[in-house]
Amino acid sequence: MQISPSFYDSLSIVEATSIQKRLRENLNISSLKKEIHIIGGADISLNRFSEVIYAGIVLLDYQTLTPIAYSLIKSKTTFPYVPGYLAFREIPALMMALDQLELKPDIIMVDGHGIAHPRRMGIAAHFGTLVSIPTMGCAKKKLYGKYEEPPLLKGAYATLRAKDELLGFVLRTKDKVSPVFVSPGNNMDFDECLQIAKHCMGKYRLLEPTRRAHEHVNLFRTGQLKEGFHYINQQTLF
DNA sequence: GCGACAG
DNA sequence: ATCTTGTCGC
């Protein structure tokens with residue numbers, strides 16, 4: 001057997017929904033009270049119409065936002081993309097990428113939503129209930145909730161909410177670009193989520209952890225990087 | 001019944 | 001998500 005069969009692939013949407021409702025009981029949105037030295041960025045890449053998915057987690061030094069190492073895994077998924085159920089499609093592969101890490105990050109930023117989800121179980125929240133590392137989500141588009149457009153200045157933000165419940169934030173990561181949506185996944189609170197997101201803003205629209213993860217899984221899919229765990233050669237100038 | 005709808 | 005040229009704005 002080349003690829004581990006996934007339990008998630010056998011689920012129906014109805015079954016997936018009940019799993020989300022059950023996992024929601026395990027959510028813990030409270031301060032991580034821990035210093036962050038390494039942050040991980042998680043993302044997946046795939047060819048259209050293919051069941052093969054390329055997953056990756058890139059580790060960055062939190063202070064400098066410099067990539068330190070990365071884990072890449074090629075896997076398969078048959079669970080379809082259905083808004084609200086992204087976790088069932090991507091988590092099995094992300095779990096393999098995490099297991100393969102020889103160095104574990106203090107927190108992980110996942111490409112997708114945390115609790116900014118109809119049942120508060122976006123991929124980052126779901127992943128966070130399955131692993132021992134705090135998680136948060138950063139998505140490029142809204143899935144659930146309402147918000148007012150934040151000012152067009154980098155760093156400006158608005159709250160994302162459902163009824164009166166706070167779900168996350170809509171953050172302008174760069175002047176005059178569409179904002180990103182950040183929300184806690186598990187074992188982190190709202191303020192920390194926002195502070196971390198602001199800390200990770202670079203010169204691009206995407207936050208550095210997810211931007212680097214996206215970059216790496218794409219290089220992997222196109223054959224420019226190899227599967228496995230690799231430290232990044234910190235080349236010294238001169 | 002009609003929109004909205006992560007990747 | 002991925003494909004994909006030119007084009008508009010700063």
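To find a chain, count down the sequence lines: A is the first, B the second, and so on, and within it residues start at 1.
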Can a salt bridge be assigned to the pair A/Asp9 and A/Arg89 using a cut-off of 4.0 Å between side-chain N and carboxylate O?
-> no
Any donor-acceptor N or O pair under 3.5 Å, side chains A/Glu192, A/Ser31 = yes
Write down the protein N/O and nucleotide N/O pairs, taken from nucleotides 3-7 of chain B, whose separation is under 3.5 Å; answer none if there are no such pairs.
unit_1	atom_1	unit_2	atom_2	d
B/dA6	OP2	A/Tyr81	OH	2.6
B/dA6	N7	A/Gly84	N	2.9
B/dA6	N6	A/Gly84	O	3.2
B/dA6	N6	A/Tyr85	N	3.3
B/dA6	N6	A/Leu86	N	3.2
B/dA6	N1	A/Ile123	N	2.9
B/dA6	N3	A/His113	N	3.2
B/dG7	OP1	A/Lys140	N	2.8
B/dG7	OP1	A/Lys140	NZ	3.3
B/dG7	N7	A/Tyr81	OH	3.4

Protein N or O to nucleotides 3-10 of chain C N or O, pairs below 3.5 Å:
none

Mind checking side chain to side chain contact (heavy atoms under 4.5 Å, CB included) for A/Asp106 and listing every partner two or more places apart, or none if nothing turns up?
-> A/Lys34, A/Ile36, A/His37, A/Ile38
Sequence neighbours excluded, every pair satisfying salt bridge (Lys or Arg N to Asp or Glu O under 4.0 Å) that has a member inside residues 144-171 of chain A = A/Arg120-A/Glu165, A/Glu149-A/Arg172
Who pairs with A/His117 by ring-ring contact (aromatic ring centres under 6.0 Å, His included), at least two apart in sequence or on another chain?
-> none
Which residues in residues 149-158 of chain A have at least one heavy atom lying under 4.0 Å from any atom of DNA chain C?
-> none
Quick one: CG on A/Leu72 to CE on A/Met96, what's the gap to the nearest 0.5 Å?
-> 12.0 Å
For A/Tyr204, the rest of its hydrophobic cluster, which grows through side-chain links under 4.5 angstrom = none
Cluster membership besides A/Tyr147, Ile/Leu/Val/Met/Phe/Trp/Tyr side chains within less than 4.5 angstrom, sorted by chain and number, is A/Leu143, A/Tyr144, A/Leu160, A/Leu167, A/Val170, A/Phe181
Does a donor on one side chain and an acceptor on the other come within less than 3.5 Å for A/Arg205 and A/Thr173?
-> no
Can you list the steps and then say if A/Phe79 with A/Tyr8 is a ring pair (Phe, Tyr, Trp, His ring centres under 6.0 Å)?
-> CA-CA 7 Å; A/Phe79 197 97; A/Tyr8 283 172; 7.7 Å; no
So, the side chain of A/Ser183 versus the backbone of A/Gly168: is there a donor-acceptor pair under 3.5 Å, distance only?
-> no
Whenever both distances are under 3.5 Å in a Watson-Crick or G-U wobble pair, mark it; put DNA chain B into dot-bracket that way, with [ ] for crossing pairs and | when the partner is on another strand.
-> .......
Are a donor atom and an acceptor atom from the side chains of A/Thr129 and A/Asn186 found within less than 3.5 Å of each other?
-> no
Exam field: side chain A/Thr135 to backbone A/Ala124, donor-acceptor pair closer than 3.5 Å = yes
No-hydrogen, no-angle side-chain donor-acceptor test under 3.5 Å, A/Thr17 and A/Tyr85 | yes
Which residues, if any, of residues 194-220 of chain A bring a heavy atom under 4.0 Å of DNA chain C?
-> A/His214, A/Asn218
By the rule that ILVMFWY residues connect when side-chain heavy atoms come within less than 4.5 angstrom, directly or transitively, which residues belong alongside A/Leu153?
-> none
Any side-chain donor near an acceptor of the partner, A/Glu15 and A/Ser12, under 3.5 Å | yes
Can you give the dot-bracket line for DNA chain C, using ( ) for pairs inside the strand, [ ] for pairs that cross earlier ones, | for pairs with another strand and . for unpaired bases, where Watson-Crick and G-U count if both distances are under 3.5 Å?
-> ..........
A/Lys21 NZ: over 12 foreign heavy atoms closer than 6.0 Å = no
